[in-house]
S.K.: 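The structure under discussion is supplied below as structure tokens; questions concerning it will follow.
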Amino acid sequence: MVSIPERQTSRAAGWSRGTAAFSLVLLLTVLVGHRLDLVETPVFLWVLAIVALLAAFALLFAGFALSRLWNFGDRGGRDLSVGALLALLVLAPYGTAAYWATISPPLSDISTDFDDPPAIDTSDRTKGMNVLATPTPGEQSLQGDAYPLVTSRSYNLPFETVVDAVETVLDRRDWQLQAPYPETDGQSEVTINALAKSFVLGLPADVAIRVTDDGDTVIVDMRSASRYGQYDLGDNAARIVEFLGELDQEVAGQVGAAPAE
């Protein structure tokens, strides 16, 4: 009588499911913790790297388990399927970010004024953050090609009116002001600094908005600089374009005037 060997349960399938589940829980936990300011950004970025590594291992375990099931008839098809699906779910945002990194310029500091960017408050910046510097000619060219809508605004309006409009638009945003709004009496230039965060990951970026009265018009310049990472994936440019577009609407709604050419 020929004995039929008992089918074994693939350990790799169980490891795949467990590792993938842990990576998903870890990802959600660190995302929530970072959004609530319970996890600092450098730690958050390291944990994101660990999560990606765990998900990659889960896929590797799933592949090994599939080989065992195919060649030796091991059990564990459900575990490896769940593990592979969870791992792909975890890695999907990483793939999206990688795609945007390939089509976005390597920029993390965007300004409407190349020659004299608005000054950013550096009082709470640390050594591990990106260095603030005037953009090089190469970076200026990259920004101009990639983000042509990032331009200054000029208004034929009183200085105080434009500053009030800027403050009104700022009040609608969940940005942290670095200092109270400056006084405008007797001033011809004010700069407002704030800390903004990206929508999904909550990565911090310093924002500076400068309002200047040059005698003929009032010019509004804006700068947004990521604190971490070489690539901002278009986040800073989008922040500037959205803010200045809303500022145009606010000014037009207040006084019925469009920005000067």
Side-chain angles (χ1 to χ4, degrees), residues 15-62 82-111 117 119-133 135 139 170 173-179 193-208 223-240 242-243:
W15 293 342
S16 175
R17 180 171 182 170
T19 304
F22 178 70
S23 68
L24 179 60
V25 172
L26 183 60
L27 176 62
L28 296 177
T29 301
V30 76
L31 281 174
V32 173
H34 188 249
R35 293 294 301 184
L36 297 177
D37 295 327
L38 300 176
V39 178
E40 295 183 355
T41 300
V43 177
F44 171 67
L45 295 176
W46 275 108
V47 174
L48 287 184
I50 293 173
V51 167
L53 185 62
L54 289 173
F57 272 116
L59 280 181
L60 184 64
F61 292 145
V82 172
L85 289 175
L86 290 179
L88 291 174
L89 178 64
V90 170
L91 290 174
Y94 293 86
T96 303
Y99 167 75
W100 280 105
T102 60
I103 64 174
S104 301
L107 299 173
S108 60
D109 188 348
I110 305 297
S111 174
I120 285 179
D121 184 2
T122 60
S123 59
D124 62 344
R125 293 179 67 90
T126 61
K127 184 178 180 181
M129 298 179 183
N130 292 336
V131 177
L132 297 174
E139 291 172 339
L170 271 172
R173 279 162 167 71
D174 188 23
W175 295 356
Q176 178 183 344
L177 292 177
Q178 301 295 77
N193 279 272
L195 179 65
K197 294 186 177 181
S198 60
F199 178 70
V200 178
L201 298 181
L203 296 177
D206 288 299
V207 177
R223 181 182 184 183
S224 182
S226 302
R227 289 190 168 186
Y228 300 94
Q230 182 181 5
Y231 289 81
D232 65 5
L233 307 183
D235 179 67
N236 290 306
R239 182 177 295 112
I240 292 175
E242 181 182 358
F243 184 92

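Source: prediction; values computed, not measured.
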S.K.: When you compare the side chain of Leu195 with that of Val207, does any pair of heavy atoms fall below 4.5 Å?
M.R.: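 Not in contact.
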
S.K.: Would a distance-only check, ignoring hydrogens and angles, find a side-chain to backbone donor-acceptor pair under 3.5 Å from Ser23 to Leu54?
M.R.: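 A pair under 3.5 Å: no.
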
S.K.: Donor-acceptor check, side chain of Arg239 to backbone of Arg223, threshold 3.5 angstrom: yes or no?
M.R.: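 Looks like no, no N/O pair under 3.5 Å.
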
S.K.: Looking at side-chain heavy atoms only, is the closest gap between Thr41 and Leu203 below 4.5 Å?
M.R.: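 Of all side-chain heavy-atom pairs linking Leu203 with Thr41, at least one is under 4.5 Å.
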
S.K.: Would you find more than 12 non-hydrogen atoms of other residues, nucleotides or ligands less than 6.0 Å from Tyr94 atom OH?
M.R.: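 Result for OH/Tyr94: enclosed.
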
S.K.: Which distance, rounded to the nearest 0.5 Å, do you find between the CH2 of Trp15 and the CG of Leu60?
M.R.: 11.0 Å

S.K.: When you check the side-chain N and O atoms of Asn130 and Ser226, is any donor under 3.5 Å from an acceptor?
M.R.: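 There is no such pair (donor and acceptor under 3.5 Å, judged by atom type) between the side chains of Asn130 and Ser226.
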
S.K.: Nearest heavy-atom pair of Val39 and His34: which atoms, and what distance?
M.R.: O-CD2, 3.2 Å

S.K.: Flag the pair Leu85 / Leu89 as yes when at least one side-chain heavy-atom distance between them is below 4.5 Å, and no otherwise.
M.R.: no

S.K.: Do Asp206 and Met129 touch side chain to side chain, with heavy atoms closer than 4.5 Å?
M.R.: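 Side chain of Asp206 against side chain of Met129, heavy atoms only: no contact under 4.5 Å found.
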
S.K.: Just verifying a value: how many Å separate Leu53 CG and Thr19 OG1, rounded to the nearest 0.5 Å?
M.R.: 10.5 Å

S.K.: Locate the shortest heavy-atom distance separating Ile120 from Ala225; write the atom from each residue and the value.
M.R.: CD1-CB, 3.8 Å

S.K.: Ignoring hydrogens, what is the shortest heavy-atom contact between Leu132 and Asp109? Give both atom names and the distance.
M.R.: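 Heavy atoms only, the tightest pair is CD2-OD2, 3.9 Å.
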
S.K.: Using 0.5 Å steps for rounding, measure from the CZ atom of Phe44 to the CZ atom of Arg35.
M.R.: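 If we round to the nearest 0.5 Å, Phe44:CZ and Arg35:CZ are 9.0 Å apart.
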
S.K.: Could you tell me whether the side chain of Ser108 and the main chain of Tyr231 form a donor-acceptor pair under 3.5 Å?
M.R.: no

S.K.: Return yes when atom OH of Tyr228 has more than 12 non-hydrogen atoms of other residues, nucleotides or ligands closer than 6.0 Å, and no otherwise.
M.R.: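 Enclosed.
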
S.K.: For Asn193 and Gln178, indicate whether the former's side chain and the latter's backbone hold a donor-acceptor pair under 3.5 Å.
M.R.: no

S.K.: Any Lys/Arg nitrogen of Asp37 or Lys197 sitting under 4.0 Å from an Asp/Glu carboxylate oxygen of the other?
M.R.: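 Salt bridge between Asp37 and Lys197, a charged N being under 4.0 Å from a carboxylate O: yes.
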
S.K.: Shortest non-hydrogen contact from Ala20 to Leu86?
M.R.: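 Shortest heavy-atom contact: CB-CB, 3.7 Å.
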
S.K.: Side-chain contact test, heavy atoms from C-beta onward, threshold under 4.5 Å: evaluate it for Leu170 versus Phe243 and give yes or no.
M.R.: yes

S.K.: So how far is it from Leu38 CG to Thr29 OG1, rounded to the nearest 0.5 Å?
M.R.: 11.5 Å

S.K.: Testing the basics here: between Ala84 and Ser16, what is the closest heavy-atom pair and its distance to 0.1 Å?
M.R.: N-OG, 4.0 Å

S.K.: Pick out which of Asp235, Asp124, Asp232 makes a salt bridge (charged side-chain N to carboxylate O under 4.0 Å, His left out) with Arg227.
M.R.: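 With Arg227 as partner, Asp235, Asp124, Asp232 yield a single salt bridge (charged side-chain N to carboxylate O under 4.0 Å, His left out), made by Asp124.
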
